[in-house]
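First the proteins, then the strands, lettered A, B, ... as listed; each starts at 1. Predicted model, so just to flag it, every value in this text is computed and none were measured.
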Amino acid sequence: MSDFTTTIGLEVHCQLLTQAKMFCHCSTDYIGKEPNTLVCPVCLGLPGSLPVLNQKVVELALRAALALHCQILPQGVFHRKNYFYPDLPKGYQISQYDLPIGVDGFLEFYSRGVKKKVRIKRVHIEEDAGKLIHEGVFLPPGTSGVDCNRCGIPLAEVVTEPELSSPEEARDCLMMLRNIVCYLGVSDGNMEEGSLRCDANISLSSSSLLGVKVEVKNMNSFRSVYRALSYEVERQRKLLEEGKPIFQETRHWDEVKGVTVSARGKEGAEDYRYFPDPDLLPFSIKGEMIEEIKSELPELPLQREERFMTEYELSQGEAEILVQDKEIADFFEDTLRDFNEPRMVCNWITTEVFKNLKELGIDISQASITPAHLAELLKMVDKKEISGTIAKSVLEEMFATGARAREVITRRGISFISDEKELENIVREVIEKNPQSVADYLSGKEKALQFLIGQVMKETRGQADPELTKSILIKVLSSEE
Amino acid sequence: MREVISLQELKRIAQVSKLELSEEELQGFFEDINNVVSRFEKLNDLDLQDISPTSHLSWSEPPFSSDEPRAGEGGEEVLKGAPQVANGYFVVPRVVDKEEKENEDRRV
């Protein structure tokens, strides 16, 4: 089997978190709204209407471009990207061409525990198109329905250089990019709802020259980015090995079938005839604005991840899981304020807290438990007032009812039995009831000890201190010999 | 007439503009467009060596708008002028085949 190098570049669209659309005052809150209710002459492209740029769009895009270490161009120009499609009422999309917001940046991320860096070619702003529906009992046969609510919603497009070398790296890079825009408050980064969309260019080559580039579209989750690109690697590898040509084309990912499909009949469509939009004047980006936004940039996910590694001595993997969701990372640090045991807090969050969130199907922001409440519970575990097992079930109830740890414990009559005398009595009872296991243990069967510990736990409904139980058992058993 | 735009190019322009032209129309446009475009050729006589491209003639700063949503003018009013409407949607002839439909959204 020959060796091929895989080269991947990403084009990522992020819906910018503005209240109003890019060039008019229509609301951007379109999800679940009746079709064509959030529209006006500007976003419908009616004759005589004129676009006026929403300042917030520039600010948000600048924030993203600066966080991606881009060089900011002093002047922005809008171009018309012309194509005919029913979801584009004007017949062109207002976009940027040779003068985007930012160029020549870079993005750092971890992939398989190794730090990687990909250069960012450009960050530009453009408007979104409307939505087409092709099915619906109310639609006459052979027709489609057009909903223009999404027309004119602002997007930032981030384009990386083709420098990613595997589907896994592409996914990890995208995850970091998503994290960055979420941390910045630039986009909500929701791939399922389409506020973050990713297209990829991928080529395979056996020499130092780049191979033929295939564009893959329609990947709606991190997982589908990984799956679609893995599929493309295999497809192209097979073709190359069989000496067959790879066509430069656009392919769509079919999530259900798990394949990419050629988007046929698009030849000739890629002629956008860009030209400067005469309706929109070039806008300048002033130095003070750049400085102001720069000074307001928050700590970004990678910085935070690395700070967690040094400050709290977490592994890269642990730190990554925590920072992937800003709210979780905040929750972690807030918990530490009351209970400064980073590793233990990290373990509890990434196992028990995650488990409860998943079971309830909610985000941490929707959970009734607070960092202070978790800290309170973990302190009790740490002081051996309750066992880990009990704490887990207490936590479950805290999630379900919003009660605090002490309330749950008092109500259930739980206390941690760490009183040696009391425990010894229970141990003696258990020994008396299980002569066979005692004999087994004394004849050298270590497993019997575990069974006896289990019996003590059963007697005490899990409230015994396991370490103490073990030592008392050994002590009492050795006196039986 | 000087041929600045070939017949081939003209056909492609018609294609991306979704125009169906007869041979006769093509021939007519071929001559007209070349006549017009060849006049612009005159501009090539200018020496533009040290001049950067100008996209606009105004040097003033554009106005910006604030990020405040207002109620749209949607609903019945916008649908009034449409040739065909169903359930609040503008109805248009289907331009994709069935297999492509899943993929056609979010195409920007």
Side-chain angles (χ1 to χ4, degrees), chain A residues 13 18-20 25-29 34-41 44 52-56 58 77 83-87 93 126 128-129 131-136 138-140 142-148 155 194 197 217-218 252 254 261 263 268-269 271 273 276 278 280-284, chain B residues 8-20 52-108:
Chain A
H13 284 92
T18 58
Q19 304 280 309
H25 283 286
C26 290
S27 166
T28 53
D29 187 17
E34 290 294 309
N36 298 309
T37 50
L38 307 174
V39 292
C40 74
L44 285 172
V52 180
L53 178 59
N54 180 343
Q55 173 130 31
K56 186 78 187 265
V58 179
V77 171
Y83 63 90
F84 291 102
Y85 209 73
D87 62 8
Q93 178 196 20
E126 61 184 27
D128 208 344
K131 254 184 174 172
L132 285 179
I133 58 155
H134 304 290
E135 265 164 18
F138 55 88
L139 280 176
T143 67
S144 302
V146 186
D147 171 11
C148 293
L155 305 172
R197 304 167 219 164
K217 289 181 172 254
N218 197 45
H252 287 301
D254 185 324
V261 185
D271 187 347
R273 293 156 292 139
L280 287 154
L281 292 172
F283 58 96
S284 51
Chain B
Q8 193 84 24
E9 284 173 299
L10 187 64
K11 282 181 178 169
R12 187 171 150 76
I13 293 168
Q15 189 196 359
V16 296
S17 310
K18 303 269 196 285
L19 293 173
E20 272 176 41
S52 56
T54 307
S55 56
H56 290 75
L57 288 174
S58 168
W59 279 270
S60 63
E61 274 296 306
F64 281 105
S65 77
S66 59
D67 187 31
E68 288 157 13
R70 293 181 204 142
E73 295 161 45
E76 280 171 29
E77 195 61 32
V78 300
L79 298 166
K80 251 186 196 166
Q84 204 180 353
V85 166
N87 273 30
Y89 289 91
F90 296 106
V91 173
V92 296
R94 182 172 290 186
V95 291
V96 291
D97 62 25
K98 227 172 157 42
E99 254 177 89
E100 267 187 288
K101 73 173 160 42
E102 285 296 319
N103 305 322
E104 279 305 315
D105 188 33
R106 293 164 188 171
R107 48 199 302 286
V108 159

Under a 4.5 Å heavy-atom cut-off, does chain B meet the side chain of Leu44(A), its backbone, both or neither?
-> side chain
Mind ranking Pro69(B), Ser65(B), Gly88(B) by heavy-atom pairs under 4.5 Å with chain A and telling me who comes out on top?
-> Ser65(B)
Ring geometry between Phe283(A) and Phe64(B) (parallel below 30°, tilted from 30 to 60°, perpendicular above 60°) = perpendicular
Region of Val52(A) that comes under 4.5 Å of a non-hydrogen atom in chain B = both
Side chain, backbone, both or neither of Glu34(A) within contact of chain B (heavy atoms, under 4.5 Å) | neither
Does Asp87(A) use its side chain to pair, donor to acceptor, with the backbone of Lys131(A) at less than 3.5 Å?
-> no
Highest number of heavy-atom pairs under 4.5 Å with chain B among Leu139(A), Asp147(A), Val58(A), Ile133(A) belongs to Ile133(A)
What residues form a side chain to side chain donor-acceptor pair (under 3.5 Å) with Asn87(B), not counting sequence neighbours?
-> none
Residues which pass side chain to side chain donor-acceptor pair (under 3.5 Å) with Ser60(B), listed by chain and number, not counting sequence neighbours = Ser58(B)
Specify which of Pro282(A), Pro86(A), Pro276(A), Pro278(A) makes the most heavy-atom pairs with chain B at under 4.5 Å.
-> Pro282(A)
Say whether, by atom type as modelled, one donor and one acceptor occur between the side chain of His56(B) and the main chain of Leu280(A) under 3.5 angstrom.
-> yes
